[in-house]
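What follows is a single structure, written as structure tokens, with notes after it.
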Amino acid sequence: MENKPSHFSSLLFLLIFLVLFSTANCGIVTYWGQGDEQLHEGTLSEACNSGLYQIVNIAFLSKFGNRNRPPHVNLASHCNNVPNCHKKVGKGIKNCQSKNVSVLLSIGGASEGYRLSSAHHANRLADYLWNNFLGGQSSQRY
């Protein structure tokens, strides 16, 4: 006797697949902050206004901790010689949030400019994140 898949099994598999696919949150995540704004990446607001992304990962907080370095956000050409760049990016973050796009901050990067070698360094980084991105206050707030 030959084992052939029944039409019922195939139909059941297709139905389960369609139900799972239609209820899955298939959001797209993008990495923003290291491209050239004028040439192709655009502003943070433009990325969120496109309607393509559910999450934007800002890249990146690249220096902190190691040798008591103050934290530093590297946004490549988006902030090179741009006065008050943090305010421009902050407006982009608020715009994204108003469009229900989650905004994340990538901590670390390709350089060796970061390391938390003590509780003091970790607390300093936590204070920086709180004051510049979360509920605290800073003149350099994003």
Side-chain angles (χ1 to χ4, degrees), residues 3-142:
N3 273 341
K4 292 184 181 178
S6 71
H7 293 292
F8 177 75
S9 297
S10 298
L11 185 60
L12 183 61
F13 173 77
L14 179 61
L15 181 62
I16 290 171
F17 176 79
L18 289 174
V19 167
L20 289 175
F21 184 79
S22 68
T23 60
N25 184 0
C26 298
I28 297 176
V29 178
T30 191
Y31 180 79
W32 181 89
Q34 292 302 298
D36 188 316
E37 184 175 307
Q38 286 75 33
L39 295 179
H40 67 284
E41 187 171 60
T43 67
L44 181 56
S45 286
E46 288 171 338
C48 293
N49 291 344
S50 73
L52 298 173
Y53 312 112
Q54 284 71 44
I55 300 172
V56 174
N57 186 19
I58 295 177
F60 44 85
L61 179 69
S62 59
K63 293 181 184 175
F64 55 86
N66 194 13
R67 292 183 236 134
N68 247 350
R69 289 183 184 170
H72 173 75
V73 175
N74 175 346
L75 295 175
S77 65
H78 292 283
C79 286
N80 289 347
N81 302 315
V82 177
N84 297 315
C85 180
H86 60 283
K87 290 181 182 177
K88 178 180 171 186
V89 175
K91 286 179 184 177
I93 291 170
K94 288 179 181 170
N95 175 65
C96 292
Q97 292 170 333
S98 75
K99 303 215 176 287
N100 293 319
V101 175
S102 297
V103 179
L104 305 176
L105 175 64
S106 182
I107 299 176
S111 70
E112 294 184 22
Y114 56 93
R115 182 176 74 212
L116 296 176
S117 56
S118 70
H120 171 73
H121 291 159
N123 285 329
R124 194 166 162 195
L125 177 60
D127 287 342
Y128 174 83
L129 293 171
W130 175 256
N131 287 319
N132 288 278
F133 293 96
L134 299 169
Q137 296 179 353
S138 168
S139 63
Q140 298 295 308
R141 189 166 174 75
Y142 285 85

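Quick caveat, the model's predicted, so the values are computed rather than measured. Numbers here are sequence positions counted from 1.
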Residue pair [X] / [Y]: nearest heavy atoms and the distance that separates them:
X     : Y      : answer
Ser45 : Lys91  : OG-O, 4.4 Å
Leu44 : Val56  : CD1-CG1, 3.6 Å
Ala59 : Ser106 : CA-CB, 4.3 Å
Phe60 : Gly108 : CD1-O, 2.8 Å

Does [X] use its side chain to pair, donor to acceptor, with the backbone of [Y] at less than 3.5 Å?
X      : Y      : value
Gln54  : Val101 : no
Arg141 : Gly136 : yes
His78  : Gly35  : yes

From [X] atom [atom1] to [Y] atom [atom2], the distance as rounded to the nearest 0.5 Å:
X      : Y      : atom1 : atom2 : value
Ile58  : Tyr31  : CD1   : OH    : 11.5 Å
Ile107 : Leu129 : CD1   : CG    : 5.0 Å
Ile93  : Leu105 : CD1   : CG    : 8.0 Å

Problem set entry | Residue list, ring-ring contact (aromatic ring centres under 6.0 Å, His included) with Tyr142, at least two apart or on another chain | Phe133
Problem set entry | Test log, rule side-chain contact (heavy atoms from CB on, under 4.5 Å), inputs Glu41 and Trp32 | CA-CA 7 Å; Glu41 187 171 60; Trp32 181 89; 3.5 Å; yes
Partners passing side-chain contact (heavy atoms from CB on, under 4.5 Å) against [X] (at least two apart in sequence or in another chain):
X      : result
Asn123 : none
Asp127 : Asn131
Ala76  : Gln34, Asn74
Ile55  : Val29, Ser102, Leu104

Of all residues at least two apart in sequence or in a different chain, which pass the side-chain hydrogen bond (donor to acceptor under 3.5 Å, both in side chains) check with [X]?
X      : value
Ser50  : none
Asn57  : none
Thr30  : none
Gln140 : His86

Validation row: [X], [Y] side chains within 4.5 angstrom (heavy atoms):
X     : Y      : value
Asn95 : Asn49  : yes
Leu61 : Leu125 : yes
Gln97 : Cys48  : no

For this session: Provide the full list of disulfide bond (SG atoms under 2.5 Å apart) pairs with a residue in residues 49-80, sequence neighbours left out, each pair given once.
Result: Cys79-Cys85
